Amino acid sequence: MEGANKVKSKLGATVYLRRNLGKTMPLIGVIILAVMLIAGIVSLINSIPLSIKTIYSYSRNYVAVTPRGNALLTPLLRKSIEQGSPVEIDRLMVIRGTDIEVKSIVGNWPFVVLGLEQSDMDYYLMRMKAKVLNGRKPAVGEPEVMISEKLARNLNLKLGSVIQKPTDSDNYSPQEVKVVGIADSEFWFAFGSVEYQRENHFPPIDALLVFAKNPTDQKKLDDWTTATLKGENARVFTYQELENQADTMFNILYQILNVVIGTLVVVITLMMGMLMNIFLSQRVQEFGLLQALGYTKRSLIMRVFWETTVFVVGGWVLGVLVAWGLLNIVKVTLMDPRSFALDTFDQWAYLYSLPVPIAIFAVSILTVFAKFKNFDPVGVVERRLV
Amino acid sequence: MIDLKSVSLIYQDHGKEVFACKEIDLGVQPGEFLGILGPSGSGKSSLLYVMSGLKVPTKGSVEWLNRDLGKMGDQERADIRLREFGFVFQYPFLIGYLTALENVLLAFPAEDRRADAEKFLIELGLQDQMHRYPYQMSGGQKQRVCVARALLGSPKVVFADEPTAALDHKSGRAVMDLLIQNRGQGALVVVTHDPVMLEGADRIIRMEDGEIKN
Ligand SMILES: Nc1ncnc2c1ncn2[C@@H]1O[C@H](COP(=O)(O)OP(=O)(O)OP(=O)(O)O)[C@@H](O)[C@H]1O
Ligand SMILES: [Mg+2]
């Protein structure tokens with residue numbers, strides 16, 4: 001039976017592609033490059049909101065409330081939260097915070113160093129799922145912080161490094177604040193002693209962190225707090241709000257991206273369409289001959305259909321593999337060392353590249369249909385057409 | 001076997017009607033060697049295309065085993081061409097990226113005819129060319145591959161339109177002999193303007209201005 005298969009495969013979908021590599025390779029190359037380009041651009045742009053979400057994902061674990069301008073509000077806010085909360089509260093921390101800056105691929109972003117009570121530090125680490133600890137926790141009233149490993153990588157900090165100092169206006173503290181502990185955690189965080197911050201930082205207003213007993217209730221607590229304190233003299237920080245902000249911020253960028261990629265797809269498709277047209281025209285002789293011998297238009301169109309399918313699907317798959325490989329290289333060499341987020345399995349990036357093979361496929365099939373519509377094989381065998 | 005009844009093939013040339021074939025009555029008998037002679041432009045090729053279902057006549061009918069080719073669907077007509085007819089054209093058309101053997105096998109894709117194809121190629125003196133590509137062969141060798149392709153599957157009729165025109169006299173003669181000897185039970189219809197190539201024909205018709213002049 002091996003012989004029969006061989007006969008059938010004479011005009012199999014890959015015979016033309018394999019035996020005309022000089023023609024098919026450049027075309028597949030263009031598809032690979034286009035897919036790679038689009039998937040690469042989209043993943044890199046997606047890495048920005050992804051970074052925002054990763055860097056501030058600690059806020060998924062609690063809702064933060066800061067009174068506006070009046071220190072006397074804190075106990076009142078605390079009371080109304082404790083009394084009205086729709087879910088069981090596990091812990092409510094009275095804290096301070098000061099600003100530092102972290103690095104991203106699009107410049108610096110603000111980050112907060114919390115000032116915590118000694119009695120809250122272990123609980124905070126537990127909720128941040130911190131595992132291995134290097135060094136120790138900050139001591140009462142001392143200019144010391146404990147940070148997460150991701151933050152340490154981002155700012156290139158080690159045990160003993162200075163994170164805030166009097167001469168650095170972006171990372172300011174009246175004394176040199178040193179890293180005394182680094183904790184392994186999926187979250188980014190930094191905390192010092194609340195006594196030190198009360199002594200040294202402005203404004204003299206305590207804020208609140210509220211942890212739901214059950215982590216799955218946190219969102220409910222967040223929403224309730226946001227709704228209840230709306231219009232009060234307090235700001236509420238939730239993960240949801242952060243996510244919404246990140247999404248609106250990138251809305252316009254994504255619209256621009258859509259236009260750019262749309263244009264790219266149109267340009268590539270036009271170019272590929274013209275090339276496919278030329279290549280198919282070169283095969284008019286072949287199609288005319290086969291039709292004269294008794295092959296139907298239908299069978300010839302099906303052949304081009306399968307050839308094109310193999311060709312665009314193959315090109316797309318290779319393009320995705322190459323893009324994935326390159327993104328991994330970028331991730332390992334450029335992103336990971338500074339803990340910048342990059343998703344090399346970003347499905348949107350790969351989905352965005354799909355219009356390229358689909359459009360090329362459509363153009364090829366339309367070309368073939370147009371060519372076959374009024375095609376007379378006699379023109380070919382009589383050599384009136386070439 | 002093939003019956004043409006008052007067949008006309010008319011082309012429109014700038015609004016004027018050109019009769020490539022004019023009211024032709026003709027029959028092809030099983031196994032016969034029919035020669036069609038005539039000067040250039042006399043309508044020989046047109047007649048061959050009409051007979052073989054490659055063109056549908058403007059008027060009249062062409063019957064294959066008492067069935068009107070013009071009333072069949074494209075699919076059915078194509079099927080008859082593939083299974084029952086063999087073709088040799090004036091130019092040795094082969095598919096460039098297939099070997100000689102693969103090109104021959106194109107004529108009968110439904111079944112494994114590899115052994116037959118090899119046998120024909122060997123009989124046509126092409127044993128060394130079997131796995132070569134067309135660009136590695138001479139014109140005469142290519143035309144012999146086309147002969148093998150036309151004969152594969154034992155067609156009931158082999159149509160040849162000036163099969164020797166692109167070849168020198170000796171290769172032309174060789175191609176004709178191969179066609180005549182290897183066609184088995186099949187009829188052979190050969191169009192040419194060179195009477196020498198019709199040596200051994202059972203019947204010869206002459207065409208002029210689209211009409212048969214005998
Ligand atoms: N597609 C066409 N459109 C218009 N006229 C055509 C067409 N094809 C053929 N003709 C005309 O029909 C007539 C017969 O042509 P045909 O090709 O059958 O001649 P032929 O006898 O095979 O000539 P040759 O020996 O040169 O091949 C010619 O006058 C030719 O100009
Ligand atoms: Mg002719």
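Basis for what follows: all heavy atoms, side chains included, without hydrogens, waters or symmetry-related copies. None of these values were measured; they are calculated from a predicted model.
Listed in order of number, the residues of residues 149-156 of chain B that approach chain A to under 4.5 Å between heavy atoms are Arg149(B).
Ring pair Phe361(A)/Trp316(A): centre-to-centre distance not below 6.0 Å.
In this structure, Lys44(B) does not pair ionically with Asp161(B), as no charged nitrogen and carboxylate oxygen lie closer than 4.0 Å. Electrostatic pairing of Asp74(B) and Arg77(B) counts as a salt bridge here, judged by a charged N lying under 4.0 Å from a carboxylate O.
Shown here for Thr269(A) and Ala359(A), the closest heavy-atom pair between the two residues is OG1-CB, 3.2 Å.
For chain B, the nearby parts of Leu293(A) are the backbone and the side chain; heavy atoms of each come within less than 4.5 Å. Of the two parts of Tyr133(B), only the side chain, counted from C-beta on, holds a non-hydrogen atom closer than 4.5 Å to a non-hydrogen atom of chain A. Residue contact with chain A, scored on non-hydrogen atoms closer than 4.5 Å, involves the backbone and the side chain of Phe93(B) alike.
Of all the listed residues (Ser45(B), Ala107(B), Gly53(B)), the one sharing the greatest number of non-hydrogen pairs under 4.5 Å with chain A is Ser45(B). If you tally non-hydrogen atom pairs under 4.5 Å between each of Glu162(B), Gln90(B), Arg81(B) and chain A, the highest count goes to Arg81(B).
Relative orientation of the Phe287(A) and Phe372(A) rings is tilted, given thresholds of 30° and 60° on the angle between their planes.
With no hydrogens or angles considered, a side-chain donor-acceptor pair links Glu382(A) and Tyr49(B) at under 3.5 Å.
Relative to the six-membered ring of Tyr295(A), Arg303(A) misses at least one condition, a distance below 6.0 Å or an angle of at most 45° to the axis. Figure legend: Arg113(B) and Phe108(B) shown as a cation-pi pair, the cationic atom lying under 6.0 angstrom from the six-membered ring centre and within 45 degrees of its axis.
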